[in-house]
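First the structure, which I've put down as structure tokens, then a few questions once you've had a look.
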Number of protein chains: 2
Amino acid sequence: MEIACFIEAADRHCQQQGVKLTALRRQVLELVLSYSGVVKAYQVLADLQKQRGIAAPPTVYRALDFLVAAGLLHKVDALNGYIVCHHVGCSHEGLILVCGDCGRVEELDATPVLDVLRQQAGGAGFAISQQNLMLTGRCEACRT
Amino acid sequence: MEIACFIEAADRHCQQQGVKLTALRRQVLELVLSYSGVVKAYQVLADLQKQRGIAAPPTVYRALDFLVAAGLLHKVDALNGYIVCHHVGCSHEGLILVCGDCGRVEELDATPVLDVLRQQAGGAGFAISQQNLMLTGRCEACRT
DNA sequence: TCTCAAATGTTACGGTATAACAAGGTGATT
DNA sequence: AATCACCTTGTTATACCGTAACATTTGAGA
């Protein structure tokens, strides 16, 4: 089962980082994993409420913030949503493509293009930190 | 005065595009211009209310949407804000650098790098829409 | 002038996110 | 074990962000 495998990797990752993947955080991670693409905080909240009876927004936002900080999720600002990071543990930077119609996500390697961007930003005096690039568009299926 | 100059350029730009920079839209553009960096919709709304007595959210959002569509402003998703486009007429896609320390914003031309990104995304079946790239980092002043 | 389409006004609501404080758990030290 | 400090989670309330839906006005062209 892919989810279990991911959770296991996430567990190891958190231990290495010296942070705790508590039961609640793991549960939220599982809920995000159960979707194939972008998930919204209030969707996770609704799911969480189904599973534990009651939950408030801060509960879910805190867990999501933790998971983003730990590098297990990415926040997709343009859609107010979250996606699973498919390169946990790898240090490479991702180019994340999000289909605005169906929410499908694809991750490519952004290293070459980020080299160019670093150079361009450097010319303006900016030192850009390690990060992912996110682009929205339409996937093949939604374009036809 | 820089603002008047920008407005004039915006006027010409809109005429060329066959769209109308109405009094309201011009007023909103002036309000955004009066800030040096990122502005939020509700800040503009408050300013607008000071100037005309009353205004509701849709009024300001419609004007902002128009100005973004016309290429006069960029939306900064990560900050729920808007900035003036400093490349009106040259390019409608910006590479927006935000200093995570002081909030300063710099805008470069993202067209070349987006060409590369479009090609890369196309290989994965994605047609990416017109958009801005936003990168966070530290500006020169904050690095010293 | 009349008509149609675009722009703006208005009301109401729904989605997104956080502040502030309370309560519970855990591990280290004594 | 008792205490303390710290992190995590619960809870309430509220602030912020954005849009749907419909009414009204405006303006350009027939």
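Proteins come first, then strands; the chains are lettered A, B, ... in the order of their sequence lines, and each starts at number 1.
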Any sub-3.5 Å donor-acceptor pair from A/Arg25's side-chain atoms to A/Lys20's backbone N or O?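 Yes, the answer is positive, given that a donor and an acceptor are paired below the 3.5 Å cut-off.
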
Can a donor-acceptor pair be found between the side chains of A/Asp47 and A/Tyr42 at a distance below 3.5 Å?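 No pair is found: no donor N or O on one side chain lies under 3.5 Å from an acceptor on the other.
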
Using whole Å, what does the distance between atom C1' of nucleotide C/dT26 and atom CG of A/Leu21 come to?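 My rounded result for the distance is 17 Å.
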
Closest contact, heavy atoms only, B/Arg26 versus B/Leu21: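 Residues B/Arg26 and B/Leu21, closest heavy atoms: NH2-O, 3.5 Å.
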
Nearest heavy atom decides the nucleotide; on that basis, is A/Tyr82 or A/Lys20 closer to the 5' end of DNA chain C?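 Between the two, 5'-proximity favours A/Tyr82.
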
Closest contact, heavy atoms only, A/Phe126 versus B/Cys99: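 Looking at all heavy atoms of both residues, the closest pair is CE2-N, 3.5 Å.
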
Are the side chain of B/Glu106 and the backbone of A/Ala121 linked by a donor-acceptor contact shorter than 3.5 Å?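 Not a single qualifying donor-acceptor pair exists.
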
Distance in Å, B/Leu114 CG paired with B/Leu95 CG, rounded so as to fall on 0.5 Å steps: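 Separation between the atoms: 8.5 Å.
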
Measure CG/B/Leu79 against C1'/C/dT18 and give the value in whole Å, please.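 The answer, rounded to whole Å, is 16 Å.
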
Distance check needed: C/dT10 P versus B/Arg52 CZ, whole Å only.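 Going from B/Arg52 (CZ) to C/dT10 (P), I get 10 Å.
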
Which atom of B/Asn132 lies closest to which atom of B/His74, heavy atoms considered: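 Closest pair (atom of B/Asn132, atom of B/His74, distance): OD1-ND1, 3.0 Å.
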
Kindly work out whether a path of hydrophobic side-chain contacts (I/L/V/M/F/W/Y, heavy atoms less than 4.5 Å apart) joins A/Leu97 to A/Val76.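 No.
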
Indicate, with yes or no, if A/Leu72 and A/Leu33 share a hydrophobic cluster defined by side-chain heavy-atom contacts under 4.5 Å among Ile, Leu, Val, Met, Phe, Trp and Tyr.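 A/Leu33 clusters together with A/Leu72.
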
Nearest whole angstrom, please: distance from the P of C/dC13 to the OH of B/Tyr61.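 Answer to the nearest Å: 19 Å.
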
Roughly, in whole Å, what's the span from CG in B/Asp77 to P in C/dA17?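 B/Asp77 atom CG is separated from C/dA17 atom P by 12 Å.
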
From CD (B/Glu140) to CZ (B/Arg104), nearest 0.5 Å: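 Between atom CD of B/Glu140 and atom CZ of B/Arg104 there are 8.5 Å.
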
Please give, in whole Å, the distance from C/dT8 P to B/Gln49 CD?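 So the two atoms are 17 Å apart, to the nearest Å.
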
What nitrogen or oxygen pairs link the protein and nucleotides 19-23 of chain C at under 3.5 Å?
none

Compare every heavy atom of B/Glu107 with every heavy atom of B/Val84, then report the nearest pair and how far apart it is.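 Looking at all heavy atoms of both residues, the closest pair is O-OE1, 3.5 Å.
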
Ignoring backbone atoms, establish whether B/Thr22 has a side-chain N or O less than 4.0 Å from OP1 or OP2 of C/dA7.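 No, B/Thr22 has no side-chain N/O under 4.0 Å of OP1/OP2 on C/dA7.
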
Give the first and the last nucleotide of DNA chain D, reading 5' to 3', that has any atom under 4.0 Å from a heavy atom of chain A.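 First and last nucleotides in contact are D/dT8 to D/dT12.
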
Proximity to DNA chain C (any heavy atom under 4.0 Å), residues of residues 34-47 of chain A only: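 Those residues are A/Lys40, A/Tyr42.
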
